[in-house]
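This structure is in structure tokens; I'll ask about it shortly.
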Amino acid sequence: MEFFQNIDWLTVLYAFIVGGILCIIAQILIDKTKLTSARILVLYVTVGAILGGLGIYKYLVDFAGAGATVPLTGFGYNLSKGVIEEIKQTGFIGAFTGGIKACAGGIAAAIFFGYIASLVSKPKIKK
């Protein structure tokens with residue numbers, strides 16, 4: 001029970017609201033435009049990277065925590081943050097290595113859990 005006493009419920013609420021708003025925007029794009037899901041995915045990652053590179057997305061991360069870092073915009077933000085930090089440390093080559101270093105854990109987890117899901121689920125072949 002002590003665990004629940006240490007949770008900042010206001011931060012949880014902010015994360016829920018911001019994450020929900022990002023999902024609502026994506027759903028509106030799916031329903032009201034001819035954009036495919038893949039294009040919306042790329043759009044979200046690109047917007048996150050641009051806002052991260054400009055230093056704007058950091059304020060949303062500070063405000064909403066996981067509500068801003070878990071969605072695809074957070075992945076783009078993490079890529080840009082990694083590139084910026086790596087360029088400061090290693091120079092120009094950091095533009096190519098920083099993003100992957102910063103996101104390696106998330107990418108590895110996505111591959112691992114995707115593989116597990118493929119073993120557990122039974123795919124349906126479309127005809």
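Positions are given from 1 along the sequence. Scope of the values below: all heavy atoms of this structure, side chains included, with no hydrogens, waters or symmetry mates. Just so it is clear, the structure is predicted and the values come from calculations on it, not from any experiment.
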Between V70 and L22, is there a shared hydrophobic cluster once you connect ILVMFWY residues whose side-chain heavy atoms come closer than 4.5 Å?
no

Within the distance-only criterion (no hydrogens, no angle test), does the side chain of T90 pair as donor or acceptor with the backbone N or O of I93 below 3.5 angstrom?
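Pair absent, no side-chain N/O of T90 close to backbone of I93.
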
Are Y59 and L13 connected into the same hydrophobic cluster when the rule is that any two of I, L, V, M, F, W, Y join if their side-chain heavy atoms are below 4.5 Å apart?
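Different clusters.
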
Just to verify, what does D31 make a salt bridge (Lys or Arg N to Asp or Glu O under 4.0 Å) with, not counting sequence neighbours?
none

Between G67 and V18, which heavy-atom pair has the shortest distance, and what is it?
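Shortest heavy-atom contact: O-CG1, 3.8 Å.
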
Got a sec, which hydrophobics cluster with I28, joining ILVMFWY side chains under 4.5 Å apart, including via others?
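I28 clusters with I24.
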
T73 OG1 to L43 CG distance, which is reported to the nearest 0.5 Å
10.0 Å

Does the N78 side chain pair with the main chain of A102, one donor and one acceptor, at a distance under 3.5 Å?
yes

side-chain contact (heavy atoms from CB on, under 4.5 Å) assessment of L29 paired with Y44:
CA-CA 11 Å; L29 290 172; Y44 264 48; 4.3 Å; yes

Quick check: is V12 connected to I17 through a chain of hydrophobic side chains (ILVMFWY, heavy atoms under 4.5 Å apart)?
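Each belongs to a different hydrophobic cluster.
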
From OG1 (T97) to CZ (F92), nearest 0.5 Å
11.0 Å

Take Q27 and I30, measure what side-chain contact (heavy atoms from CB on, under 4.5 Å) needs, and give me the verdict at the end.
CA-CA 5 Å; Q27 190 63 51; I30 290 169; 4.2 Å; yes

Is I21 reachable from L60 through a run of I, L, V, M, F, W or Y residues, each pair having side-chain heavy atoms under 4.5 Å apart?
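L60 and I21: one cluster.
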
When rounded to the nearest 0.5 angstrom, what is the spacing between CD in E85 and NZ in K101?
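Going from CD on E85 over to NZ on K101, the span is 11.0 Å.
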
Tell me whether the count of non-hydrogen atoms from other residues, nucleotides or ligands lying under 6.0 Å of CD1 in I100 goes above 12.
no

Interatomic spacing from OG1 in T46 to CZ in F75 - rounded to 0.5 Å:
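With rounding to 0.5 Å, OG1 (T46) is 11.0 Å from CZ (F75).
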
Do V120 and F113 share a hydrophobic cluster (ILVMFWY, side-chain heavy atoms under 4.5 Å, transitive)?
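Same hydrophobic cluster.
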
Apart from V83 itself, what residues make up its hydrophobic cluster, given side-chain heavy atom links below 4.5 Å?
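Same cluster as V83: I87.
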
Counting N and O atoms only, with roles assigned by atom type, does the side chain of S80 sit under 3.5 Å from a partner on the main chain of Y77, one being a donor and the other an acceptor?
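Yes.
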
